[in-house]
Number of protein chains: 2
Amino acid sequence: MSDGSRTSRMRRTSVWLEERPGARRRALGAGHTEGLDRAKITAAAVRLLDAEGPAGFSMRRLAAELGVTAMSVYWYVDRKDDLLELALDAVEGELDVPDAAAEGADWREQVRQSATALRGLLKRHPWASGMLGSFLNVGPSATAFQLGVRRVLLRSGLPGEQADGALTSLFSFVYGHAAVEASWLSRCGEAGVSSEDCLHALRDTLERRPEYAAGGEAVRPLEQRDFGVALECVIVGIEAMARAASAATAAASTAASDTDGASDREGADAPVHTERGAVPKDRPAPVIPAQSAPGDG
Amino acid sequence: MSDGSRTSRMRRTSVWLEERPGARRRALGAGHTEGLDRAKITAAAVRLLDAEGPAGFSMRRLAAELGVTAMSVYWYVDRKDDLLELALDAVEGELDVPDAAAEGADWREQVRQSATALRGLLKRHPWASGMLGSFLNVGPSATAFQLGVRRVLLRSGLPGEQADGALTSLFSFVYGHAAVEASWLSRCGEAGVSSEDCLHALRDTLERRPEYAAGGEAVRPLEQRDFGVALECVIVGIEAMARAASAATAAASTAASDTDGASDREGADAPVHTERGAVPKDRPAPVIPAQSAPGDG
DNA sequence: ACCTGAACACCGTTCAAGT
DNA sequence: ACCTGAACACCGTTCAAGT
């Protein structure tokens, strides 16, 4: 019931989740400088994506860049999507996995650094943020980074289940922010317009066209999206979550035995500051919902 | 220097930002039941996207659905991308714009409802979350909704600039979360695998393959991503931001005149609870950065 | 004003050969 | 084992015609 035969039933959800992954066509570690290679192809794909964007990327174009016929690539990679997944995880390898065991490190600062590093990555490779909405993103590099940040989040005092919620919150925010920013920049870039001119055109449209009911006074602020302020907002939310959780733990252990050493955790004696009971921690945490899978209607 | 001639220089950043938008080819309000129509085409596009997903959507397929030749659509729409933008804003029209002027409404509850409604929309139309990373999303419906939520956020006591940061944080989170969730579901769906089986395969891979260095104990939690917990985390962050801001305002007005009515705002006397000065509000809020626009390298 | 058909320059991918 | 060429079934979009 729980052996590996179940996985052979599925066609393909990700390059990383296939039956004999990695060692498919040729040993990855073979040290030959001539001929193609999964690593070489992946590196070329990253270069091409960086240079031309996802719209300019094609198997034929990539093969030309490698000085090879279009179909040669298919010996190393089954489908274009597999190659894109490889490219995605390859750039995520640029991230430093934070060290949760570092001695005097403040978890907030580590979270701040990891989030900023991820954002920087997604700005260096603007095509990557779009891929996060297309692929599973479960490659080794992506996984190592996410687990590392999770370990850092646990240092806040957050229990495991809520640390996952915080991790989701943090990554969703960084991904979403980068995707919106990337689409803005690429749209302006393709049209040959500066961001300022584009914002100017937007303001003009909002003021002049009747479909846009509301006035222009509230439009201006939408120009400014500050990653730092928004990130700080998420971190503060995580912090409040952790404080509420450790206060609950302290109260419980105080009720059990009165002389407990749990109060040396910082902020454990602070009250919960939200009016409505802060973070609901007794709500069931569902698995990613399986119903209504998008397929053919 | 600031007249409309500047906007004619740009080719196209969005359907919504073209020179004579809306009234391009035919009056939109014309009441004829026969023949095509921008509205009819847009509605058919939404239906096709819902049914087949973005990969199954093509101009030829759409035209067939409309019982018309492929090129007929091009009389009403300049490019496929324009049509996708129209479809995106069309589904965003399903959202209720929150009423910030409602009498006894709690802003947290309104934010919660709006975020949940947006998430529901992005789950009903899974292709939409991907489009948010491709287009400007400045159509009338999207704009009305965002400005409405912004007005609600202002009721928290947050000053305008920080309300934009909070808005960015909130929307980025919902977008990012929906995009990751949608990609997960669609990948599993296309492979004909349930989410549970896919998670099982992922856990197997993490445990067995050497590239995935870390052990499996930290892998399990990544299955559970609770939108509610993460959303609450963002809301608590916004709340803390607002409390810090209004505390600063109260302190300033107390310094100016001692008998000020500003202290009746709830929580204004609470101290800032973050150890590092909470939200940095003196940091400059940059416009969406214009440098390093992704184009040809 | 509205719609069509043929055509152009592409795609991803399969398949039978080559060496 | 590795690479090629021709071919299939598609794309988005242009353009000259039709009515």
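Quick caveat, the model's predicted, so the values are computed rather than measured. Letters A, B, ... are given to chains in the order of the sequence lines, protein chains preceding strands, and every chain is numbered from 1. Atoms considered below: every heavy atom in the structure, side chains included; atoms not considered: hydrogens, waters and symmetry mates.
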Undergrad: In chain order, what residues pass the side-chain hydrogen bond (donor to acceptor under 3.5 Å, both in side chains) check against A/Thr42, with sequence neighbours excluded?
TA: none
Undergrad: Could I get the full list of salt bridge (charged side-chain N to carboxylate O under 4.0 Å, His left out) partners for A/Glu85, not counting sequence neighbours?
TA: B/Arg187
Undergrad: Among all residues two or more places apart in sequence or in another chain, which pass the side-chain contact (heavy atoms from CB on, under 4.5 Å) test with A/Ser129?
TA: A/Leu122, A/Ala178, A/Ala179, A/Ala182
Undergrad: Sugar-phosphate atoms are those with a prime plus P, OP1 and OP2; base atoms are the rest. Using that split, label each nucleotide of nucleotides 7-19 of chain C B, S or - for protein heavy atoms under 4.0 Å, 5' to 3'.
TA: B---BBBB-----
Undergrad: Determine: side-chain N/O of B/Tyr76 to OP1/OP2 of C/dC2, distance under 4.0 Å, yes or no.
TA: no
Undergrad: Among all residues two or more places apart in sequence or in another chain, which pass the side-chain hydrogen bond (donor to acceptor under 3.5 Å, both in side chains) test with B/Ser183?
TA: none
Undergrad: Using 4.0 Å as the upper bound for N to carboxylate O, is an ion pair formed by A/Arg124 and A/Glu94?
TA: yes
Undergrad: For B/Arg61, what residues pass the salt bridge (charged side-chain N to carboxylate O under 4.0 Å, His left out) criterion, not counting sequence neighbours?
TA: B/Glu52, B/Glu65
Undergrad: Rounding to the closest angstrom, what is the interatomic distance between D/dA17 and C/dC2 at atom P?
TA: 22 Å
Undergrad: Tell me whether the OP1 or OP2 atom of D/dC3 has a side-chain N or O from A/Thr69 closer than 4.0 Å.
TA: no
Undergrad: In which stems does DNA chain C show up, taking only runs of three or more Watson-Crick or G-U wobble pairs whose two distances fall under 3.5 Å?
TA: C:4-8 with D:12-16, C:12-16 with D:4-8
Undergrad: Scan for salt bridge (charged side-chain N to carboxylate O under 4.0 Å, His left out) pairs involving residues 134-148 of chain B, sequence neighbours excluded, and state none if there are none.
TA: none
Undergrad: Does B/Phe171 have any ring-ring contact (aromatic ring centres under 6.0 Å, His included) partners at least two apart in sequence or in another chain, and if so, which?
TA: B/Phe145, B/Tyr175
